[in-house]
Amino acid sequence: MAQQRTKIKELLSNGTEGKTYTIKGWVRTKRENKNVAFIALNDGSTIKNIQVVADPAKTSEEVLRKITTGAALAIEGTLVASQGQGQSVELQAHSIQVLGEADPEKYPLQPKKHSLEFLREIAHLRMRTNTFGAVFRMRHAMAYAVHKFFHEKGFVNLHTPIITGSDAEGAGEMFRVTTLDLDKLPRTEEGKVNFKEDFFEKETNLTVSGQLEGELGALALGEIYTFGPTFRAENSNTSRHLAEFWMIEPEMAFVELEGNMDLAEEMLKYLIRYALDNCTDDLEFLDARAAEEEKNKPQVERNELGLIERLRFILDNDFERLSYTEAIEILKNSKPNKKKKFNYLIEEWGADLQSEHERYLVEKHFKKPVILFDYPAAIKAFYMRRNEDNKTVRAMDILFPGIGEIVGGSQREERYEELKERAAAIDIHEEDLWWYLETRKFGTAPHSGFGLGFERLMLFVTGMTNIRDVIPFPRFPGNAEF
RNA sequence: UCCUCAGUAGCUCAGCUGGUUAGAGCAUCUGACUGUUAAUCAGAGGGUCGUUGGUUCGAGCCCAACCUGAGGAGCCA
């Protein structure tokens with residue numbers, strides 16, 4: 001078996017009939033009788049299996065017995081036209097080597113449908129299934145497409161820190177980073193923990209956003225983006241939140257809110273087009289899978305469009321852009337509001353929108369992605385650019401059907417005095433954020449950016465419905481297994 | 001964190017009004033079958049009914065607490 005292995009994807013698309021190949025992979029199923037054995041082998045390079053045909057007369061009984069679902073095999077054989085129906089070519093095995101057995105009594109993945117909940121509990125093995133193989137191949141394709149998109153547009157990939165010393169953004173609970181001995185914490189004279197003795201000689205946490213550092217980059221390099229892990233210690237138990245997730249945060253100098261919205265829409269469409277163009281096999285599988293799931297849902301909850309149709313729909317339609325104020329008007333006059341069907345009724349300007357309101361706008365009223373902008377300052381972050389009306393800020397959220405908020409961004413407050421004032425109003429001390437404020441002192445300029453939740457994009461693109469199923473090893477309250 | 005629902009074989013589930021020895025499909029194993037497609041047919045093995053406590057002559061079923069999971073809400077990406 002000196003020959004180099006050929007990946008199954010390559011073999012199926014470019015293999016030459018009559019030639020000898022070596023393939024390596026894992027058994028999905030084996031079917032056999034006295035005269036012939038069929039092995040469906042998968043190596044992860046594609047969702048497709050190759051059918052290996054083995055002659056029981058030429059294969060030892062011991063080897064044949066060890067070929068069970070999950071076993072790793074190395075096979076040398078000749079690629080031939082298939083005599084059966086389901087595939088055009090198959091590999092006629094000359095020799096089969098069992099690299100690793102998988103005890104069929106104990107191996108949890110058997111050739112049958114498993115629930116996603118069960119597979120989540122065996123995340124170390126779930127990537128061997130069709131569904132998760134497809135999802136994680138697509139996750140790679142999307143990550144690659146993100147870098148490709150920004151590279152082509154001349155953005156610089158800026159690596160912002162994962163450990164941060166500023167608790168300033170106030171974007172929720174953070175994970176503490178420390179090397180202090182928790183059993184013997186050093187104390188100050190007032191009895192508080194003395195962080196002067198900690199590794200960084202100050203309190204440090206895992207980042208909740210690379211935005212503030214990203215802005216520093218944009219105000220030097222022009223256009224930057226970050227793409228890295230982000231951490232929130234919120235006690236969130238939903239199908240849309242993770243404690244550790246990946247976020248893409250572009251930041252552009254000399255760009256105002258409209259350009260920001262343009263970039264976000266262009267990017268989302270680019271990524272979705274990339275999926276349609278490059279992940280055909282996996283998408284077709286996931287499309288069929290989602291259609292199967294739909295059948296089990298009551299009529300009212302079913303999607304009007306299938307997965308691939310939904311992706312095409314995004315490409316063919318402009319996102320609906322409307323101000324918060326316009327959205328409130330629509331919601332105020334909507335049927336569910338008038339008939340008091342909303343749990344939270346919309347009565348006046350200034351109310352924060354609930355999930356049910358966002359869903360109504362996206363799924364019922366406009367039936368396409370919606371970009372909401374110019375929100376009340378009171379419900380948005382301190383760093384967002386204040387409008388001339390003095391009550392709204394240049395914020396924008398992109399809402400997607402079935403997912404909700406996929407992008408959140410804004411034009412940033414570039415005026416020193418205004419920014420300082422707004423930071424102080426929510427008790428952020430100047431000495432903690434001096435470096436951020438200084439960019440407004442020296443050569444400040446209008447600039448904008450947003451954050452795109454990578455896993456939320458993955459939900460949309462794969463048709464999966466739980467965010468824990470689009471990241472290989474999900475982190476959420478009470479769970480850091482694997 | 002809150003609300004709702006669920007936890008029975010490896011997996012997905014049924015289990016009547018509380019009543020004798022807890023069932024099915026798939027998976028696994030054995031046998032049969034000359035090319036199968038999650039093969040088919042026949043048979044077999046497989047259970048601390050989430051945990052703890054309670055009610056009762058008797059609990060898979062009723063009650064309580066806890067644990068785990070799902071859906072929804074909040075926080076947000």
Side-chain angles (χ1 to χ4, degrees), chain A residues 28-40 48-57 65 68-70 80 82-87 90 92 102-122 129-130 169-173 208-211 227 229-249 264 296-297 301 342-344 352-356 358-359 379-381 397-400 403-409 450-460 465-471 476-479:
Chain A
R28 285 297 172 78
T29 59
K30 179 182 68 165
R31 299 172 288 274
E32 65 181 327
N33 59 40
K34 258 188 229 161
N35 304 288
V36 63
F38 299 99
I39 304 157
K48 291 177 181 161
N49 301 326
I50 186 150
Q51 170 155 286
V52 174
V53 185
D55 184 348
R65 188 165 40 77
T68 59
T69 299
V80 297
S82 179
Q83 298 172 38
Q85 287 302 308
Q87 56 287 312
E90 62 194 18
Q92 196 80 46
D103 183 347
E105 297 274 8
K106 297 190 180 120
Y107 185 59
L109 290 175
Q110 292 303 336
K112 70 179 294 282
K113 194 170 159 49
H114 290 291
S115 68
L116 296 174
E117 291 82 7
F118 170 67
L119 292 170
R120 221 169 280 152
E121 288 167 18
I122 50 167
T129 64
N130 284 333
E169 210 204 334
E173 297 295 309
V208 292
S209 166
Q211 180 200 317
F227 185 4
T230 309
F231 309 87
R232 304 268 166 95
E234 299 288 347
N235 193 5
S236 293
N237 286 288
T238 80
S239 51
R240 306 182 304 284
H241 292 87
L242 290 164
E244 177 182 297
F245 63 99
W246 289 66
M247 189 154 62
I248 297 142
E249 295 181 289
N296 298 323
K297 288 202 229 158
E301 287 175 28
F342 283 143
N343 289 318
Y344 296 86
D352 209 348
L353 300 182
Q354 306 289 319
S355 290
E356 58 182 347
E358 298 180 346
R359 270 210 313 277
I379 59 172
K380 287 292 181 184
D397 284 355
I398 302 186
L399 310 175
F400 258 41
I403 289 162
E405 188 178 339
I406 194 167
V407 163
F450 61 83
L452 167 75
F454 187 56
E455 283 77 18
R456 292 199 179 163
L457 171 74
M458 288 304 301
L459 284 177
F460 188 76
T465 52
N466 191 315
I467 205 161
R468 296 170 187 178
D469 294 332
V470 295
I471 189 166
F476 51 95
N479 199 300

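Remember, it's a predicted structure, so these values are computed and weren't measured experimentally. In what follows, every chain begins at residue 1, and chains take the letters A, B, ... in the order their sequences are listed.
- Across all non-hydrogen atoms, the minimal contact from T69(A) to Y107(A) is O-CD2, 3.4 Å.
- Between V407(A) and N35(A), the residue whose closest nucleotide on RNA chain B is further toward the 5' end is N35(A).
- In this structure, CZ of F400(A) is placed 21 Å from P of C76(B), rounded to the nearest angstrom.
- Among the protein residues, S239(A) comes within range of the sugar-phosphate backbone only, with heavy atoms under 4.0 Å from sugar or phosphate atoms but none that close to a base.
- Along RNA chain B, the nucleotide nearest to G84(A) and the one nearest to T465(A) differ in position, and the one closer to the 5' end is contacted by G84(A).
- Within 4.0 Å (heavy atoms only), K113(A) reaches at least one base atom of the nucleic acid.
- Between the side chain of K34(A) and the base of C33(B) there is no donor-acceptor pair of N/O atoms closer than 3.5 Å.
- Look at the C1' atom in both G71(B) and A59(B): the space between them is 30 Å, to the nearest Å.
- Nucleotide G10(B) holds its P atom 17 Å from the CG atom of L119(A), rounded to whole Å.
- Between the side chain of R31(A) and the base of C33(B), no donor-acceptor pair of N or O atoms lies under 3.5 Å.
- Donor-acceptor pairing under 3.5 Å, judged by distance alone, is absent between the side chain of Q83(A) and the base of U36(B).
- Across all strands shown, Q87(A) has heavy atoms under 4.0 Å from base atoms, whether or not it also approaches the sugar-phosphate.
- S115(A) comes within contact range of the sugar-phosphate backbone alone, with a heavy-atom separation under 4.0 Å but no base atom that close.
- Using a 4.0 Å heavy-atom distance criterion, L457(A) is classed as making no nucleic acid contact.
- Donor-acceptor pairing under 3.5 Å, judged by distance alone, is absent between the side chain of E32(A) and the base of G35(B).
- Per the stacking criterion (ring centres < 5.5 Å, plane angle < 30°), F245(A) stacks onto the base of A77(B).
- Note: NZ (K106(A)) to P (C29(B)) measures 13 Å, nearest angstrom.
- A close approach under 4.0 Å does occur between a side-chain nitrogen or oxygen of R240(A) and OP1 or OP2 of A73(B).
- Nucleic acid contact class of P108(A) (heavy atoms, under 4.0 Å, all strands): none.
- Between R468(A) and A70(B) there is a side-chain polar atom (N or O) within less than 4.0 angstrom of OP1 or OP2.
- Within the nucleic acid shown, Q85(A) comes within 4.0 Å of at least one base atom, counting heavy atoms only.
- Look at S355(A) and you'll find a side-chain N or O under 4.0 angstrom from OP1 or OP2 of G74(B).
- In this structure, the CG atom of N237(A) is 12 Å from the C1' atom of U68(B), given to the nearest Å.
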